[in-house]
Structure formats: structure tokens, C-alpha cells
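Read through the structure below, which is laid out as C-alpha cells, and then see the notes.
Atoms considered below: every heavy atom in the structure, side chains included; atoms not considered: hydrogens, waters and symmetry mates. Note that the coordinates shown come from a computational prediction; the quantities given were computed from them, not determined experimentally. Each ligand, and each atom within it, is numbered from 1 in the order the structure gives.
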Amino acid sequence: KQRLVVVGSGSTYTMGMMMSLIAEKDRFPLKEVVFYDTDEQRQERNAKATEILFKERYSELESFSYTTDKKEAFENVDFVFVQIRTGGLAMREQDEQIALRHGVVGQETCGPGGMAYGLRSIKDMIELVNDVRRFSPNAWILNYTNPAAIVAEALNREFPKDDRLLNICDMPIAIMISYAKILGIDVWDIVPEYFGLNHFGWFTKIYDKEGNDLTERLKERIIDTGFSPEDEAIANDISWQKTFDQARQMLIDFPEFLPNTYLQYYLYPEAMVEKEDPNHTRARQVIEGRQKHVHDLCERIIDKGTAREEELHVDVHGVFMVKAAESLAYNLGERFIVLVENNGVIPNLPANAMVEVPALLTSSGPKPFSVGEIPTFYKGLIEGQLAYEQQVVDAYFETSYQKLVQALTLNRTVISATKAKEIVDDLIVANEKYWPRF
Ligand code: G6P
Ligand code: MN
């Protein structure tokens, strides 16, 4: 039985993740769950509601606690799930708005917003990994923190020998849920082939467990009737709906492989800018939507002393995280799309690139499948994006203003060096409390 710590437990995703722990409790039995967050107040609301939830639905659990003390949290821990957001949603809104003010994609992980967020996340993530390692040298650290590409690159440089640190993103599985609905099969029966960087990749093949190739049928269905994802979180969210609608257009324009939805920010940047309202970006929608919902939900559970009257949904991104942990803990060797160092997996990309590919998760870490050489179009796109990501991390470690401007100049959402410099200057002011001094 495992001792699990959730870092960033004040997150709006925490309740959904706790439902996933409950859903998976037979396959991934826990002895103890600990919440850790730097923001005591945010954490407390989630924690008090979770305490009630666990009493009602997770009686096998021996202990649940929450703390802001590192030693208390990280001593003797088996698994650490990390989902932090340095600067919170307030800074996410800044990131999105500053970019849009310059007529550039305003997004959490893509373009200038992603760079800004990356430069905030790196410092806290390095500190966190050091903190965990001080108390639990062998704990598995499963990191969800965004922007995953930049965070993974920075952590791989800072902790090159740490082989129990795994960066993962739920977007491939979120997309696969839609594929599964379209194909009428269970998402866990889909066997994907995929390559790319985080939020910058393509499904090349979709098989079922029996080995049937469903790729062409899937493409036809998407082109004919669109995505209409039935995953509740997405179906109820207009912004995600639009994202999937555009994914259909992307497939019509680039029918060779099935693109990750995030590629639309790089392939159609003007259109993505146009549909944004700078005064109501995604951060605002999350603050007024999901955050408020979770906030009210927790307050009600705490007030009533029970969660029985609430409609609680198992969160897919949580289930994905738990299933990945399960596979690592029990050496199940199940296939997940994760971030690993390339090392020849894609031979015509640099060996040190952090790539997103399918891998078997075993107790000695991820075992990626060889992808083989990728065609010029994808290689070109990836190399540009990879250079940008590595340049951001270089800029961080060298505190180089020059390199920041170069990084944004490399990014497809920016390109203009004049704009890159203007945006960097604005971001430096906005991120004064979080960034190193450039
Ligand atoms: C997906 C991505 C995450 C991203 C999230 C944003 O799950 O994989 O990297 O953070 O979407 O969702 P939101 O609802 O906060 O805009
Ligand atoms: Mn992601």
C-alpha cells in the first residue's frame, strides 16, 4: 500500500483527482494521502471536503492529512503527484492578455504565455524535486506541471540522473477519449502510435487491443461528423468544444496524421488570436467557471458534513495519473504516452530532446518504443519548437535577456523579432515577483 502526496492540492483539479483515487482504490490501494500546498487557505477548503469524501467512500484509507510543512509531507513517501501553478490563475490571465495585446496567441502553454509560465515554474519545480529527494530519494515523482515541455527540459538538465521523475500530460489521453467515443470502443482499449513534443505531436496510428488498424476509419468519421466529444468536462465547456471543432479543420488541411489539438495555435495563429476576447481569456473562464464550481462544491460538502448529495465526477486526467502510477508501482508495463529523453527513439531528432511518445511504464521507468525517422514537415516544425523550448531554458539558467528575445523569435506564434522584444519587455515587468532578473 502506498503513501501518496499531492503537491498543489489547492488546485481546481484536486477533487476530480480524489474521485479518481477512489475509483482506482482496488487496483491502486493507498495507505495514506497527504496534501501539500504553499497556500494554506486554498488547500484547506479542498482538504476539508476531501476528508469528508474519503470518510464516506474510502474507508480503507488509514490516514488523510494536509500540511504546508515539507518534512511532514515528503518523508517516507512512495508517490508524489505534482500539479503546481506558480503565480496562480491571476498570472495565467496576465500571460494570455499580454500576448494578445501584441496581436499574438494568448495561451497558457503556447507562445509567449507558455514562456512566461515556464520561467515561473522552473524555479519552484527544481526546489520541489530537491525537497522531495531530501526526504524520499526513491519516491516516484509524477509531474503534471505546465508548461510540461519547458519544465521537462529544465528538470532533465538539473536532475539528469533522476530516473524516478516522470513528466506527463493528459492531452493525448483526452483526445483518445474522443477517438474512443467516435469509434465506439473503450478508451483503455485504444493502442496509439504517437510522436512529438508536449502539446506538439501527432497520432500516426490508432489500433484496438486486437491489433485492428482503425486509423482511416477514425479520420473519415472525424472529417464527416466532427468530434463532438462526449467526455463531460469537455462537452460542457464551450471553449474546449471549439478546440475540438478546429481539430477537424486541421485534419482536413493536414490529413496525414491525427494532430494534437494544441497544434492549431501554431498552424493557425491569426485565427486563434481573432477568436479571443482579451478581456475574457481562458484564465477568466476558469476562474468564473471551474474554480467557482469547485469552491462552492467544497463549501457545500463542508457545511453539510457530507458529500452524498453531490454529483461528483471521476476526472479522466486523474484516472490517467493514477493508472500510470499503478503501472510504475506494480511493474505492469502498460502503454502510456509520456515525456522521455529522445535518445534515438526518433533518430532524426536530437538525442537530448524531451519527446512525447508511447512507452511501457515499468518499475524501472518508462520504456519507449522506437518511432523511427519522421517526415520533413514534422521534423521541421518540431525542430523549431524544440529550439524555442531549449532556448527558454538556456535563458533561464543563464539569465540571458538576449536568449529570451531569441526564444520568442523562434516561436511560430511570434516570429517577428520586434514583437518578440516588445513582448519580453512587458513580460519582465509583469513577472517581476517570479522571474530571475533578466
Ligand atoms: C489540458 C492540457 C493541460 C492544460 C489544460 C488546460 O488538460 O493537457 O496541459 O493545462 O488542458 O485546461 P483549462 O481547462 O485550465 O484551460
Ligand atoms: Mn498538457
Answer yes if the side chains of [X] and [Y] hold a donor-acceptor pair under 3.5 Å, and no otherwise.
X	Y	answer
Asp426	His102	yes
Gln83	Thr14	yes
Tyr434	Asp124	no
Thr12	Gln291	no

Within a distance under 4.0 Å of any heavy atom of [X], pick out the atoms of ligand 1 and give their elements.
X	value
Cys169	8 (O)
Glu108	4 (C), 6 (C), 10 (O)
Arg92	13 (P), 15 (O), 16 (O)
Tyr13	5 (C), 6 (C), 12 (O), 13 (P), 14 (O), 15 (O)
Val286	15 (O)
Arg282	13 (P), 14 (O), 16 (O)

Considering only the protein, which heavy-atom contact is closest to [atom], and what is its distance?
atom	answer
atom 10 (O) of ligand 1	Asn146 ND2, 2.9 Å
atom 11 (O) of ligand 1	Trp240 CZ2, 3.2 Å
atom 2 (C) of ligand 1	Tyr262 OH, 3.4 Å
atom 7 (O) of ligand 1	Asp170 OD1, 2.9 Å

Aromatic ring pairing Tyr66/Phe64, orientation class (parallel under 30°, perpendicular over 60°, tilted between):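 Rings of Tyr66 and Phe64: tilted, as their planes differ by 30° to 60°.
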
Parallel, tilted or perpendicular, as decided by the 30° and 60° cut-offs, for the rings of Phe74 and Tyr36: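 Taking Phe74 first and then Tyr36, their aromatic rings sit tilted (interplane angle of 30° to 60°).
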
Cation-pi geometry met for Arg412 and Tyr388 (6.0 Å, 45°):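 No - Arg412 does not lie over the ring of Tyr388 by the 6.0 Å and 45° rule.
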
Options Gln291, Arg290, His317, ranked by nearest heavy atom to atom 15 (O) of ligand 1, top entry: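 Selected option, by shortest heavy-atom distance: Arg290.
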
Heavy-atom side-chain contact between Val77 and Val34 under 4.5 Å: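 They are not in contact (no side-chain heavy atoms under 4.5 Å apart), so the answer is no.
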
Salt-bridge present (Lys323, Glu24; N to O < 4.0 Å):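 Yes.
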
Lys/Arg N to Asp/Glu carboxylate O, Asp162 vs Arg133, below 4.0 Å: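 The answer is yes: the pair qualifies as a salt bridge.
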
Separation of Phe254 CZ from Tyr378 OH (nearest 0.5 Å):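 Rounded to the nearest 0.5 Å, the OH-CZ separation comes out at 8.0 Å.
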
Residue part near ligand 1, for Gln285, under 4.0 Å between non-hydrogen atoms: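 For Gln285, no heavy atom sits under 4.0 Å from ligand 1.
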
Salt bridge (charged side-chain N to carboxylate O under 4.0 Å, His left out) partners for Glu389, two or more places apart: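 Glu389 satisfies salt bridge (charged side-chain N to carboxylate O under 4.0 Å, His left out) with no other residue.
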
Any N/O pair Thr109/ligand 1 closer than 3.5 Å: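 There is no such contact.
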
Number of protein N, O or S atoms [distance to the Mn ion (ligand 2) under 2.8 Å]: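 Protein heteroatoms (N, O, S) closer than 2.8 Å to the Mn ion (ligand 2) number 2.
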
